[in-house]
Amino acid sequence: MRRRPGIGGLQKAAAARDQYRLLGENVAKLRTDMMKEQLATFRSQLEEFARKHKNDIRKNPAFRAQFHEMCAKIGVDPLASNKGFWAELLGIGDFYYELGVQIIEVCMLTRSHNGGLISLQELCNHLRQRRKKDREAVTEDDCLRAISKLKVLGSGFEVITIGKKKLVRSVPTELNKDHNQILELAQGQGFVTVEEVQRRLSWTSGRVTDALETLLEEGLAMIDNGHKDGKCRYWFPCVSSVYSSIGSDP
């Protein structure tokens, strides 16, 4: 018959478990302390790198994007505040603040044309026109970072991806799956017809008409019914490849 461990054996087993637990906690603390020390070293090196390459970070868009990637890997956000080390050293906060204001201006100027939905590429084209006298170039990456900070305004600013395009939304318009599919379909030629949507997506005419009417009401589509074939074209400026010069400086 198998004997049960006595009181002494149970006490020894409990003591052993406590020793293992303490050992595990000590090892975990040691690793945590080492990681904190390494992180502090990385941050110090990053600050030294920023001092050394200050001008390149401000003036070279590709270099600036790589710098942001390095910051993200160690949990540093140079745009978190307009005050402090990064703002004083690089002025990055001011750069993105100014860019954010210009993004709002472009979106407001083009809203009557595109209904508050503009492709990221077109937005960048407008900004480059407005900033062509500035020495600091602007990229899509810069725009995405500036837009991420505009979300705090609660005015609907966000970037959405439809098909192969990134679109910037500046109005709190909610697009459902049907609307997104139509916008994606329109990317090929800038417009769709009711018949094309029915054929390509296997929808009923009622479903197509309902979705297109909503897009028209929201100002995201324009209707063109002057064709010999009698088919209405629904044009979408936000996905059209034709660059609009609305709001750009001459």
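Note that the structure is predicted; figures quoted are calculated from it, not measured. No hydrogens, no waters, no symmetry mates; every other heavy atom, side chains included, goes into these values.
In this structure, the separation between NZ on K164 and OG on S119 is 15.0 Å, given to the nearest 0.5 Å. We find the CG-CD1 distance between L167 and I162 to be 5.0 Å, quoted to the nearest 0.5 Å. Here the CZ atom belonging to R200 is positioned 14.0 Å from the CD atom belonging to E195, to the nearest 0.5 angstrom. The CZ atom of F157 sits 4.5 Å away from atom SG of C107, with the distance rounded to the nearest 0.5 Å. Taking CE of M222 as the start and CG of L215 as the end, the distance is 13.0 Å to the nearest 0.5 Å. For the atom pair L117 CG and E122 CD, the distance stands at 10.5 Å (nearest 0.5 Å).
Each of Y234, F236, W235 was scored for a ring-ring contact (aromatic ring centres under 6.0 Å, His included) with F191, with one residue passing: W235. Screening T110, I104, L109 for a side-chain contact (heavy atoms from CB on, under 4.5 Å) with V106, the sole residue that qualifies is T110.
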Under the side chain to side chain contact (heavy atoms under 4.5 Å, CB included) criterion, do D178 and R207 qualify, and how do the steps go?
CA-CA 9 Å; D178 284 3; R207 180 178 178 181; 2.8 Å; yes

Kindly determine whether I118 and H126 satisfy side chain to side chain contact (heavy atoms under 4.5 Å, CB included), including the steps that lead there.
CA-CA 11 Å; I118 184 172; H126 282 294; 3.9 Å; yes

Could you walk me through whether W203 and V194 pass the side chain to side chain contact (heavy atoms under 4.5 Å, CB included) check?
CA-CA 10 Å; W203 290 1; V194 172; over 6 Å; no

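For the pair L212 and V192, the minimum side-chain heavy-atom distance is below 4.5 Å. Using a 4.5 Å cut-off on side-chain heavy atoms (C-beta onward), R233 and I223 make no contact. No side-chain heavy atom of K166 sits under 4.5 Å from any side-chain heavy atom of I160.
The shortest non-hydrogen separation linking L99 to C143 is CD2-N, 4.1 Å. The nearest pair of heavy atoms linking G115 to L220 is O-CD2, 3.5 Å. Taking every heavy atom of both residues into account, A221 and L216 meet most closely at O-CD2, 3.4 Å. Minimum heavy-atom separation, T204 to Q198: C-NE2, 4.2 Å. Taking all atoms of both residues into account, the shortest heavy-atom contact from C238 to L183 is SG-CD2, 3.9 Å. Closest approach of E140 and L120 over heavy atoms only: OE1-CD2, 3.7 Å.
The backbone N or O of T139 lies less than 3.5 Å from a partner atom in the side chain of D142, making a donor-acceptor pair. Between the side chain of R128 and the backbone N or O of L123, no donor-acceptor pair lies under 3.5 Å. A distance-only check finds no donor-acceptor pair linking the side chain of T209 to the backbone of G206 [under 3.5 Å]. H179 places a side-chain N or O within donor-acceptor distance of the main-chain N or O of N176, the cut-off being under 3.5 Å.
For E196 and K231, the salt-bridge test fails: no basic side-chain N is under 4.0 Å from an acidic carboxylate O.
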